[in-house]
Amino acid sequence: MLWESVDPTERLMQRFGFRGGAAVADWVADALQRRWDLDVTNCERVVISDWNVMAWVVANERRLIAKWSALPQRFARLEDAARIVTWLDSRGIPVAAPIPAADGHLLVEFDNDAKGRVKSRLPLPESRFLLGLLPFIEGDLLAVNDPAQVTDAGQMLAAVHEALASYPLQVGGRRSDGQEQLVHNDFRSANVLHNGTRITAVLDLEEVTYDTRVADLAKAAVLLGTRYRDWGPTSEGVREAFVAAYTEHTQAALTTAEQQELEARIAAVQRTMGWG
């Protein structure tokens, strides 16, 4: 379990219908062979995060991560996120860009009766998964006790905002209105990999939304150090270094009004989290 303190075997059955890790490994191997033409030789690890499962596998002598959701109401958002990550990759942002299936789809839906798809091993006939395949990227979770990594993070968020500001497609049926733009909305240690020299990946854009860049910067400044089960506010020094790196890197400097808004939003995030 990534962050929940519950029995993983029980959750595998209740949420996904699998009777254990071996059943997951069999299903993943079958799915990747049929839709990605890949031969899985090993399933190293399986992790549950809410209604998502991630499986670390070796296929065609390459380490990969298969990730799928069992919440159909999230499928449209996940499709949007996959396209956004592909866009960011094309703009030079280090991300885990989805590996297209053999038919070119970034994500593939599986159910029990769709022709040409893997038959689910779930006990319920209506069970559906949306599966994507990602590259395994080396790196450790961002360390906010390392000033260089904090600086890298501030500069990276600025680069992500600049790229997302020009994203050409609609997300959730809307586009940027000139005031709000696409933002990451969950930029923190758990979603940033660093190899000690540079950031190797910005992860998990499933919460991407339209908001002001200042709102996203404030949220990231407060939550930057949070991981899966280790939550707490950043120190004032870390926040200042992070914001300074962001503002020095961005091509559009924060206005006086945005700077004032940033201070108010940082305080609001702290109050919301009970850290005020």
Side-chain angles (χ1 to χ4, degrees), residues 2-5 49-50 88 92-96 137-165 176 179-276:
L2 193 61
W3 52 269
E4 296 174 273
S5 297
S49 176
D50 197 27
L88 289 175
I93 302 297
V95 290
I137 298 177
E138 296 284 353
D140 297 316
L141 299 184
L142 184 79
V144 296
N145 60 352
D146 184 333
Q149 292 195 28
V150 172
T151 295
D152 289 344
Q155 293 175 347
M156 182 57 66
L157 183 60
V160 169
H161 283 173
E162 289 170 6
L164 289 177
S176 172
Q179 295 183 351
E180 295 185 341
Q181 65 160 80
L182 281 180
V183 295
H184 186 286
N185 197 34
D186 199 18
F187 190 91
R188 56 192 180 91
S189 177
N191 294 327
V192 181
L193 299 181
H194 200 291
N195 67 2
T197 302
R198 62 182 178 84
I199 290 175
T200 55
V202 176
L203 306 174
D204 198 358
L205 276 90
E206 295 178 8
E207 301 304 320
V208 68
T209 189
Y210 286 97
D211 207 334
T212 66
R213 59 176 182 157
V214 171
D216 199 40
L217 175 59
K219 184 177 181 180
V222 175
L223 301 180
L224 190 64
T226 58
R227 298 186 176 184
Y228 310 117
R229 305 188 188 195
D230 182 14
W231 285 71
T234 55
S235 67
E236 184 176 356
V238 167
R239 291 197 300 273
E240 290 178 350
F242 177 68
V243 171
Y246 178 96
T247 55
E248 289 171 3
H249 183 79
T250 185
Q251 295 180 6
L254 296 181
T255 65
T256 300
E258 285 179 319
Q259 292 172 351
Q260 294 173 345
E261 179 189 352
L262 178 63
E263 294 178 6
R265 285 187 176 272
I266 285 176
V269 173
Q270 291 177 309
R271 287 195 301 273
T272 299
M273 298 301 298
W275 301 330

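Below, all heavy atoms of this structure are taken into account, side chains as well, without hydrogens, waters or symmetry copies.
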Is there a side-chain contact between [X] and [Y] (heavy atoms, below 4.5 Å)?
{"X": "Leu203", "Y": "Leu193", "answer": "yes"}
{"X": "Val202", "Y": "Asn191", "answer": "no"}
{"X": "Asn185", "Y": "Val208", "answer": "no"}
{"X": "Met273", "Y": "Leu223", "answer": "yes"}
{"X": "Thr200", "Y": "His194", "answer": "no"}
{"X": "Glu261", "Y": "Thr212", "answer": "yes"}
{"X": "Arg265", "Y": "Val214", "answer": "yes"}
{"X": "Arg227", "Y": "Leu141", "answer": "yes"}

Is a side-chain N or O of Glu258 found less than 3.5 angstrom from the main chain of Thr255, in a donor-acceptor match?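 Pair found, side chain donor or acceptor close to backbone of Thr255.
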
Say whether, by atom type as modelled, one donor and one acceptor occur between the side chain of Gln270 and the main chain of Trp275 under 3.5 angstrom.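 Between the backbone of Trp275 and the side chain of Gln270 there is no qualifying donor-acceptor contact (under 3.5 Å).
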
Salt bridge or not for Glu180 and Arg213, using N-O below 4.0 Å?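 Result for this pair is no, no salt bridge flagged.
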
Pair up each side-chain donor or acceptor in residues 233-245 with any protein partner under 3.5 Å, not counting sequence neighbours, and list the distances.
unit_1	atom_1	unit_2	atom_2	d
Thr234	OG1	Ala221	O	2.6
Ser235	OG	Val238	N	3.2
Arg239	NH1	Thr234	O	2.7

Suppose the criterion is salt bridge (charged side-chain N to carboxylate O under 4.0 Å, His left out): which pairs have a residue in residues 184-195, not counting sequence neighbours?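 Residue pairs passing salt bridge (charged side-chain N to carboxylate O under 4.0 Å, His left out), neighbours aside: Asp186-Arg188.
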
Who passes ring-ring contact (aromatic ring centres under 6.0 Å, His included) against Phe187, sequence neighbours left out?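 Scan of Phe187 (ring-ring contact (aromatic ring centres under 6.0 Å, His included), adjacent residues dropped) gives His184.
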
Do Asp216 and His161 have side-chain N/O donor and acceptor atoms under 3.5 Å apart? yes

